[in-house]
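Let me begin by presenting the structure, written as structure tokens, before commenting on it.
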Amino acid sequence: MDAAFSKFFDSIGSFFGGGDQIPWCDRDIIAGCEREVAEAGKDGSDEQKNESIMRLSWALVHSRQSVDVQRGIAMLEASLVNSSSPLQQREKLYLLAIGHYRSGDYSRSRQLLDQCLEIAPDWRQALVLKKTVEDRIAKDGVIGIGITATAVGLIAGGIAAALARKK
């Protein structure tokens, strides 16, 4: 019986807590990537510079800080037009989708994942993230309906109490 209650409360906790499997990135990793970009800008080739910028973009969109996520999105959007291969474009679209997911723009994330899956329809990472995004959209809808139903119930209860008080 206790196991059933524990499982029930764990499922409620994961429903409200998110529970995605996307990794987070710490500030010290971002700082290391920023140093790497600066060094590649001084001494490195264009390829080395692009690779270090991609690592920094990855770190930024995986950050817990919304300012970092927005910076990563801006970097990726700026570099998307310069993507020379479909593989690079796929990677950048995927990272943009993560950034928009992290910032709460789930519909934009889904659009980017659709573009990504046009390039690589069987790419498992993109398929998993798309399912995560769609689950989050559905969960937000359920929560929104619950909030609306509660508000309507409270208003109806308030009206009923006011009418009962008048009589």
Could you pull out all donor-acceptor pairs under 3.5 Å where a side-chain atom in residues 51-63 meets a protein atom, sequence neighbours excluded?
{"residue": "S52", "atom": "OG", "partner": "Q48", "partner atom": "O", "Å": "3.2"}
{"residue": "S52", "atom": "OG", "partner": "K49", "partner atom": "O", "Å": "2.9"}
{"residue": "R55", "atom": "NE", "partner": "E36", "partner atom": "OE2", "Å": "2.7"}
{"residue": "R55", "atom": "NH2", "partner": "E36", "partner atom": "OE2", "Å": "2.3"}
{"residue": "S57", "atom": "OG", "partner": "I53", "partner atom": "O", "Å": "2.9"}
{"residue": "H62", "atom": "ND1", "partner": "W58", "partner atom": "O", "Å": "2.7"}
{"residue": "S63", "atom": "OG", "partner": "Q65", "partner atom": "N", "Å": "3.0"}
{"residue": "S63", "atom": "OG", "partner": "D68", "partner atom": "OD2", "Å": "3.1"}

How close do S107 and I137 get, counting heavy atoms only, and between which atoms? N-CD1, 4.5 Å
Hey, quick one: are L112 and V69 part of the same hydrophobic cluster, counting side-chain heavy atoms closer than 4.5 Å, chains of contacts allowed? yes
Is it true that L76 and L87 fall in one hydrophobic cluster, defined by side-chain heavy atoms closer than 4.5 Å? no
Suppose we screen for side chain to side chain donor-acceptor pair (under 3.5 Å). Which residues come up paired with E134, at least two apart in sequence or across chains? none
Can you list every ring pair (Phe, Tyr, Trp, His ring centres under 6.0 Å) pair that touches residues 75-99, not counting sequence neighbours? Y94-W123
Can you list every pair that meets salt bridge (Lys or Arg N to Asp or Glu O under 4.0 Å) and has a residue in residues 103-128, with sequence neighbours left out? D114-K130
Who clusters with I29? Use side-chain heavy atoms, under 4.5 angstrom, across I, L, V, M, F, W and Y, and order the result by chain and number. none
Residues which pass side chain to side chain contact (heavy atoms under 4.5 Å, CB included) with S109, listed by chain and number, not counting sequence neighbours: A97, H100, Y101, L113, V133
What is the minimum heavy-atom distance between P86 and I119, and which atoms define it? O-CG2, 3.7 Å
With sequence neighbours excluded, give me every salt bridge (Lys or Arg N to Asp or Glu O under 4.0 Å) pair touching residues 80-99. none
Can L129 be reached from Y106 by stepping across I, L, V, M, F, W or Y side chains whose heavy atoms are under 4.5 Å apart? yes
Might you work through the side-chain contact (heavy atoms from CB on, under 4.5 Å) test for I98 and R102, ending with a clear yes or no? CA-CA 6 Å; I98 289 175; R102 289 281 193 224; 4.2 Å; yes
The complete set of salt bridge (Lys or Arg N to Asp or Glu O under 4.0 Å) pairs with one or both residues in residues 70-83, sequence neighbours excluded, reads E34-R71
Of all the heavy-atom pairs spanning I73 and S103, show the shortest one and how long it is. CD1-OG, 4.2 Å
